[in-house]
Asker: 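Could you have a look at this structure, given as structure tokens, before my questions?
Every chain is numbered from 1 and lettered A, B, ... according to where its sequence line falls, protein lines coming before strand lines.
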2 protein chains.
Amino acid sequence: MPNTKNLDPAASVEHAPRAAEKILNVARDLFYRQGIRAIGVDEIVKTAGVTKPSLYRSFSSKDDLTASYLKQYDREFWERFDEAVAAHPGDPRAQVLAFLARVGKRSQKASYRGCGLTNAAVEYPEHDHPARIVSEENKRELRRRLRAMAKAMGAAEPDMLGDGLLLLLEGAYISAQLFGTGGPARAVARNAELLIDASLA
Amino acid sequence: MPNTKNLDPAASVEHAPRAAEKILNVARDLFYRQGIRAIGVDEIVKTAGVTKPSLYRSFSSKDDLTASYLKQYDREFWERFDEAVAAHPGDPRAQVLAFLARVGKRSQKASYRGCGLTNAAVEYPEHDHPARIVSEENKRELRRRLRAMAKAMGAAEPDMLGDGLLLLLEGAYISAQLFGTGGPARAVARNAELLIDASLA
DNA sequence: CTATCATGTTACCGATCGGTACGTTGCGTT
DNA sequence: AACGCAACGTACCGATCGGTAACATGATAG
């Protein structure tokens with residue numbers, strides 16, 4: 001429920017609250033770049049050019065807004081993932097490598113700060129926190145898919161390879177923000193290639 | 001400067017403020033388990049059984065206390081790293097694998113929440129923040145050493161392998177807290193083994 | 001024209017944030 | 001015994017936290 005107050009979704013599509021959209025866009029940007037705990041609701045509404053009650057009419061709490069941001073991030077993540085998959089039909093090795101190459105490329109941009117879902121999980125260790133629930137679900141599914149793709153590649157130990165690819169990916173996310181341009185994240189696709197080929201033998 | 005108020009280190013070793021030690025121990029525990037931004041100074045002093053002025057007599061600010069915590073974490077990190085190195089003299093491959101195996105093992109404990117330095121860098125994106133400075137320095141040195149070890153192994157592309165090992169390690173840190181027991185972090189040493197051997201060919 | 005209702009605004013809440021002024025206590029020195 | 005001084009505690013600061021009550025506005029439907 002990104003918007004728990006919308007009782008009639010069909011009607012609200014037409015003239016959806018302009019404020020809610022602006023708020024979510026601003027929150028998305030600030031949360032990603034500076035961290036969720038670091039950003040207060042005052043800064044969000046100020047940047048969005050709206051006021052606090054506008055925020056709390058569309059989102060029941062800051063946690064709800066946070067979860068909405070992460071759910072949007074989750075959707076866009078799978079769009080990017082599925083793009084890489086669709087680009088290489090029937091070739092899971094190329095699919096994974098295409099996705100990792102794209103992450104490696106994005107990781108070299110100065111504005112890149114890794115995966116918003118991963119970062120949120122670091123910020124919120126409590127397992128029942130709305131933000132963490134979204135993140136964990138995304139990562140569970142990602143693990144499932146990577147393992148399935150490793151199996152489709154014909155790996156000797158598909159779960160081992162799938163987990164290895166996940167480790168490389170998460171490592172790239174984190175290294176990107178630790179090292180910035182020129183960091184190890186650049187090497188993620190090449191290392192994945194080596195690991196995959198070593199796992200197929 | 002973990003303790004900016006200590007003007008005479010030699011003398012303060014003997015009868016250092018009892019409160020400062022308790023505070024640092026408590027901060028270390030709370031910061032690691034719950035995150036730095038999530039913990040207020042009030043909670044630290046309350047848990048430590050002291051009062052706020054005692055904290056601010058030994059640490060000039062919360063950021064200073066945070067940096068002290070991370071510097072201690074950094075020291076203990078290199079102790080663990082050097083233990084693995086010392087266990088396999090002249091065998092960089094075994095050194096790396098021993099360290100990663102240990103991380104993989106620790107990652108299965110419920111209380112494990114990855115690397116405190118990595119987590120701090122996620123919490124503090126600003127490059128001039130005291131916490132981030134300590135973290136970035138640690139990671140730069142770690143990258144340098146892993147690349148040197150990859151070179152000593154005789155890797156065809158030592159920087160590539162060193163970065164790959166760093167990606168696996170950071171991925172293990174993050175995956176440990178994302179998935180907990182049974183997560184992909186368990187597979188870090190085995191995947192590193194495959195990657196190393198593939199890089200030596 | 002007017003009643004309706006979602007959206008927007010002003011002004012405020014108690015709680016907690018990091019941080020401090022100032023008085024008290026306890027111990028070693030002479 | 002009286003001093004000196006470092007370490008400790010009480011009580012407080014302004015700022016900001018997430019969140020809300022009450023009112024204004026503006027488009028739409030009858």
Side-chain angles (χ1 to χ4, degrees), chain A residues 3-27 30-31 34-69 120 123-124 126 129-131, chain B residues 3-27 30-31 34-69 120 123-124 126 129-131:
Chain A
N3 191 331
T4 58
K5 300 279 180 69
N6 263 352
L7 300 177
D8 188 358
S12 67
V13 169
E14 293 282 333
H15 43 83
R18 290 69 91 186
E21 204 172 333
K22 283 194 288 183
I23 288 167
L24 191 53
N25 282 337
V26 167
L30 294 179
F31 282 165
Q34 302 183 230
I36 299 167
R37 293 197 114 116
I39 298 296
V41 292
D42 290 282
E43 192 166 349
I44 292 173
V45 298
K46 185 182 161 195
T47 307
V50 299
T51 55
K52 262 196 280 190
S54 293
L55 191 158
Y56 283 97
R57 261 187 289 269
S58 295
F59 306 93
S60 63
S61 63
K62 187 195 175 185
D63 284 351
D64 184 33
L65 172 60
T66 300
S68 295
Y69 150 62
E123 286 199 81
Y124 294 95
E126 318 96 35
H129 193 283
Chain B
N3 190 330
T4 58
K5 299 281 179 68
N6 265 350
L7 301 176
D8 188 359
S12 67
V13 171
E14 291 283 332
H15 44 82
R18 289 71 91 186
E21 203 173 333
K22 283 195 289 183
I23 289 167
L24 192 53
N25 282 335
V26 167
L30 295 179
F31 282 165
Q34 300 183 231
I36 299 167
R37 294 197 115 116
I39 298 296
V41 292
D42 290 283
E43 192 167 348
I44 292 173
V45 299
K46 186 182 159 195
T47 307
V50 300
T51 56
K52 259 198 280 191
S54 291
L55 191 159
Y56 283 97
R57 261 185 292 270
S58 296
F59 306 95
S60 63
S61 64
K62 187 196 176 184
D63 284 350
D64 184 33
L65 172 60
T66 301
S68 295
Y69 150 61
E123 286 199 82
Y124 293 96
E126 318 96 35
H129 192 283

Asker: Using whole Å, what does the distance between atom C1' of nucleotide D:dC17 and atom CG of A:Asp63 come to?
Answerer: 13 Å
Asker: Check whether any side-chain nitrogen or oxygen of A:Tyr56 sits under 4.0 Å from OP1 or OP2 of D:dG19, and answer yes or no.
Answerer: yes
Asker: Specify the closest pair of heavy atoms between A:Arg37 and A:Glu126, including all atoms of both residues, with the distance to one decimal.
Answerer: NH1-OE2, 4.2 Å
Asker: Nearest-nucleotide wise, let me know which of A:Pro53 and A:Glu43 is further upstream toward the 5' end of DNA chain D.
Answerer: A:Glu43
Asker: So, B:Glu123 side chain and B:Gly35 main chain: donor-acceptor pair closer than 3.5 Å or not?
Answerer: no
Asker: Within the structure shown, what part of the strands sits under 4.0 Å from A:Ile44 by heavy-atom distance: base, sugar-phosphate, or nothing?
Answerer: nothing
Asker: Between D:dT10, C:dG8, D:dT20, which nucleotide has the shortest distance from any of its atoms to the side chain of A:Ser54?
Answerer: C:dG8
Asker: Whole-Å distance between C:dT10 C1' and A:Lys46 NZ?
Answerer: 17 Å
Asker: Could you check how far NZ of B:Lys22 sits from C1' of D:dG9, rounded to whole Å?
Answerer: 12 Å
Asker: In whole angstrom, what separates A:Asp42's CG from D:dT16's C1'?
Answerer: 7 Å
Asker: Taking the side chain as every heavy atom from C-beta outward, state whether A:Leu24 and A:Ser68 have any atom pair closer than 4.5 Å.
Answerer: yes
Asker: Within this structure, what is the NZ-to-P distance between A:Lys62 and C:dC17, rounded to whole angstrom?
Answerer: 13 Å
Asker: Taking 4.0 Å as the cut-off, does a side-chain nitrogen or oxygen of B:Lys52 come that near to OP1 or OP2 on C:dG19?
Answerer: no
Asker: Tell me the interatomic distance from B:Leu65, atom CG, to C:dG19, atom P, rounded to whole angstroms.
Answerer: 10 Å
Asker: Scan B:Thr51 against the nucleic acid and name what it touches under 4.0 Å (heavy atoms): base, sugar-phosphate only, or nothing.
Answerer: base
Asker: With the side chain counted from C-beta on, respond yes when A:Val50 and A:Val45 share a heavy-atom pair under 4.5 Å apart, and no when they do not.
Answerer: yes
Asker: Take atom CZ of A:Phe59 and atom C1' of D:dG18, then tell me their distance rounded to the nearest Å.
Answerer: 15 Å
Asker: Quick one: B:Ile36 CD1 to C:dC17 C1', roughly how many Å, whole number?
Answerer: 16 Å
Asker: From the set D:dG18, C:dG19, C:dG8, return the single nucleotide nearest to any side-chain atom of A:Arg57.
Answerer: C:dG8
Asker: Look up atom OG1 in B:Thr47 and atom CG in B:Asp42, then write down how far apart they are to the nearest 0.5 Å.
Answerer: 10.5 Å
